[in-house]
Engineer: 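Following this message is one structure expressed as structure tokens.
Throughout, a chain's letter reflects where its sequence line sits, starting with A, and its residues are numbered from 1.
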4 protein chains.
Amino acid sequence: MAGVNKVILVGNLGKDPEVRHLESGSVVANLTLATTEAYKDRNGNRVENTEWHDLELWDGQAKVAEQYLRKGSQIFVEGKIKSDTWQDEQGNNRKRTKIRVLSFTMLGSKNSEMGAGGSSNPNTMSQPNAGNPQPASMPSSGGNIEEGDDDLPF
Amino acid sequence: MAGVNKVILVGNLGKDPEVRHLESGSVVANLTLATTEAYKDRNGNRVENTEWHDLELWDGQAKVAEQYLRKGSQIFVEGKIKSDTWQDEQGNNRKRTKIRVLSFTMLGSKNSEMGAGGSSNPNTMSQPNAGNPQPASMPSSGGNIEEGDDDLPF
Amino acid sequence: MAGVNKVILVGNLGKDPEVRHLESGSVVANLTLATTEAYKDRNGNRVENTEWHDLELWDGQAKVAEQYLRKGSQIFVEGKIKSDTWQDEQGNNRKRTKIRVLSFTMLGSKNSEMGAGGSSNPNTMSQPNAGNPQPASMPSSGGNIEEGDDDLPF
Amino acid sequence: MAGVNKVILVGNLGKDPEVRHLESGSVVANLTLATTEAYKDRNGNRVENTEWHDLELWDGQAKVAEQYLRKGSQIFVEGKIKSDTWQDEQGNNRKRTKIRVLSFTMLGSKNSEMGAGGSSNPNTMSQPNAGNPQPASMPSSGGNIEEGDDDLPF
DNA sequence: TTTT
DNA sequence: TTTT
């Protein structure tokens, strides 16, 4: 009965986050993420295959997404599969699957346009804290994103 | 462009595998897997939430599933999200998401009724070998599974 | 700078958990977990390879481990790699690596001896709650572990 | 007996790959990868914690690493934990743990200086093909990686 | 609809 | 030291 339902994605956003601020005070962000794999077919031709994922983020995560993510952003995502089922007007059973994001991390060098290397760290950003307002700076990486730190260990 | 699309599941099969042997010689198995999470709601009541996943296995993997998996079997699954999109009769865009299984492992302790603990090991069972016929014994675990138990180990 | 450090293991405990109750009130459990992979070598002989992992659990997780896990228990583990570095008496740099467990799930059928299907669910058991005392029953699965529930969905 | 031993990392290389071409024809690359997590301590101060991982890649993977990875490169890694055990001169049992890389993906946005986004795709680069020589271009992504960027982006 |  |  114990279960594990885990999704790990690295890809790029297809468009800017769509964020809704609910009357309840909750915030929801919807993202579309492309994961592309490339391989050679039997004829040696390069084939590219893109899968589009619908991501849903809540509250603190949603706010960070709203502030830092943009169309094209590359992110690492950890979450779980969550599907809605309902009956349509014709009485057919319908199912729609999305990824409930539990944490995400911005990828790319610190020199990229939006700042970078930010992380919605599981320790500080995941569910239990989801209701907390997020600081203006990137959580758990924050502070020095936009500052020049020349003493990086690399 | 580099992408990662990875799913990890642990759950139980909702029914026996449905296996089709195609004219091409390929074999496809479809499984439904339940992953259950339980938590306490705000009132301290235990709530259980089950997500049903549609799994698809091919060739060698499908044959192992056909032979060893049954309704109720607990398995560890690694795969990727794969969705089909099409237009229905009303011209609406439709999307159906399933998990393409890349490897799976049977779970269960030696003390449990079902014995078992076979593995469709990535090294021997994953895509590159998917076209190879599988031996009657459980791959990469084999040995004593086939020893006269006509009643399946589960 | 954003980083991901994630470990996923399924294996069996080499011995009973070793649990220490610290003066601070913290509880630490140390487990050894074997993950075995089997493959055929070039000669077609079956080869088995076992890796032993040192796991460390804290507080709530440690208590659950103490209560429910035993030598031979099969578990799913999610955690991160954590290494200690120091200098030994000869002045050599030394490093020891272990897995800091963030959540784990007991595997095996409902009929197995120890009860089963328990889960130290991330939502209820992970870091943020780590200091909370755990109920005698298995968290987030609890209650009905030892009771006959014939209406299981499988 | 069925086991799972999986590691997923996202981090930056601490130095250029160290590559050895063995007499046997095999190629080994050793990398050091830093995964950094940041969090706020009880006093609200930001704390940063870096874990260094020793990675080992073989053959095709090693060659790709040699050609494309440099100190500071950000990569996604999938692999498994592998430890060596031996006795030192004093007769003490020693153990050293490293990550055997099964696949890796270069990260970085299109806006970052080095371009990039190559992938050692599991489908084309993982174990079963490890002995195959790699093309000069980045497998399943290629292109603009090699364009003379001597000033590292970090 | 992203990215290369 | 586990498990099969």
Side-chain angles (χ1 to χ4, degrees), chain A residues 9-18 30-38 46 48-55 69-75 107-108 112, chain B residues 1-4 68 85 93 105-112 114-119 121 137-147 153, chain C residues 9-18 30-38 46 48-55 69-75 107-108, chain D residues 1-4 85 93 105-112 114-119 121 137-145 147:
Chain A
L9 306 171
V10 173
N12 300 276
L13 297 192
K15 53 184 177 184
D16 289 353
E18 292 176 352
N30 289 282
L31 313 180
T32 57
L33 185 83
T35 57
T36 302
E37 64 178 328
R46 189 166 175 278
E48 211 170 73
N49 200 16
T50 296
E51 180 74 29
W52 286 98
H53 308 270
D54 296 317
L55 312 186
L69 300 184
R70 293 291 173 270
K71 179 177 172 171
S73 295
Q74 188 186 36
I75 59 174
L107 302 175
S112 77
Chain B
M1 197 227 52
V4 174
Y68 294 102
T85 55
N93 288 320
T105 298
M106 296 180 62
L107 303 174
S109 83
K110 65 163 175 175
N111 297 316
S112 75
M114 32 184 315
S119 165
N121 189 287
S137 66
M138 191 66 182
S140 74
S141 107
N144 49 1
I145 288 184
E146 62 275 87
E147 272 117 65
Chain C
L9 305 172
V10 173
N12 299 278
L13 298 192
K15 54 184 177 186
D16 289 352
E18 291 177 352
N30 289 282
L31 313 180
T32 57
L33 185 83
T35 58
T36 302
E37 66 178 327
R46 188 165 175 278
E48 211 172 73
N49 200 15
T50 295
E51 180 74 29
W52 286 97
H53 309 269
D54 295 318
L55 311 186
L69 301 184
R70 293 293 174 268
K71 178 174 171 174
S73 295
Q74 187 186 36
I75 59 174
L107 302 174
Chain D
M1 197 225 52
V4 173
T85 55
N93 288 321
T105 297
M106 295 181 61
L107 302 174
S109 82
K110 65 164 177 176
N111 297 315
S112 76
M114 31 184 317
S119 165
N121 189 287
S137 65
M138 191 63 182
S140 73
S141 97
N144 53 358
I145 288 184
E147 272 116 66

Engineer: Nearest-Å distance, NZ (C:Lys15) to P (F:dT2)?
Structural biologist: 11 Å
Engineer: Could you tell me the separation between the NE2 atom of C:His53 and the C1' atom of F:dT2, rounded to a whole number of Å?
Structural biologist: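 After rounding, the gap between these two atoms is 11 Å.
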Engineer: CE of B:Met106 versus P of F:dT3: gap in Å, rounded?
Structural biologist: 18 Å
Engineer: Just how far, in rounded Å, is P of E:dT1 from CD of A:Gln74?
Structural biologist: 21 Å
Engineer: Under 3.5 Å, is there any donor-acceptor pair linking the side chain of C:Thr50 to the base of F:dT2?
Structural biologist: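 In this structure, the two groups form a donor-acceptor pair.
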Engineer: Can you tell me if A:Trp52 is stacked onto the base of E:dT1, using a 5.5 Å centroid cut-off and an angle below 30°?
Structural biologist: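 Stacked: ring centres under 5.5 Å, planes under 30°.
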Engineer: Applying side chain to side chain contact (heavy atoms under 4.5 Å, CB included) to A:Leu69 and A:Ile75, what does each step give before you reach the verdict?
Structural biologist: CA-CA 9 Å; A:Leu69 300 184; A:Ile75 59 174; 3.7 Å; yes
Engineer: Please tell me which of the listed nucleotides, F:dT2, E:dT3, E:dT1, lies nearest to the side chain of A:Thr32?
Structural biologist: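 Among the listed nucleotides, the one closest to the side chain of A:Thr32 is E:dT1.
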Engineer: Side chain of A:Thr36, heavy atoms from C-beta onward: which of E:dT2, E:dT1, F:dT2 has the nearest atom to it?
Structural biologist: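 Nearest listed nucleotide: E:dT2.
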Engineer: Which residues satisfy the side chain to side chain contact (heavy atoms under 4.5 Å, CB included) test with A:Lys71, sequence neighbours excluded?
Structural biologist: A:Asp16
Engineer: Rounded to whole Å, please give me the gap between CG in C:Leu33 and C1' in F:dT3.
Structural biologist: 10 Å
Engineer: Would you mind telling me which of A:Leu55, A:Asn12, A:Asp54 makes a side-chain contact (heavy atoms from CB on, under 4.5 Å) with A:Thr32?
Structural biologist: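 That would be A:Asp54; it is the only one of A:Leu55, A:Asn12, A:Asp54 passing the side-chain contact (heavy atoms from CB on, under 4.5 Å) with A:Thr32.
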Engineer: Measure the distance from CD on C:Glu18 to C1' on F:dT1 and round it to the nearest whole Å.
Structural biologist: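 In whole Å, F:dT1 C1' and C:Glu18 CD are 11 Å from each other.
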Engineer: Give the rounded distance in Å between these two atoms: CD1 of C:Ile75 and C1' of F:dT1.
Structural biologist: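 Atom-to-atom, C:Ile75 to F:dT1, this comes out as 14 Å.
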Engineer: According to side chain to side chain contact (heavy atoms under 4.5 Å, CB included), who are the partners of C:Asn49, at least two apart in sequence or on a separate chain?
Structural biologist: C:Glu37, C:Tyr39, D:Lys82
Engineer: Identify which nucleotide among F:dT3, E:dT2, F:dT1 has an atom closest to any side-chain atom of C:Asn12, counting heavy atoms from C-beta outward.
Structural biologist: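 Nearest listed nucleotide: F:dT3.
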Engineer: Find the distance A:Leu31:CG to E:dT3:P and express it as a whole number of Å.
Structural biologist: 15 Å
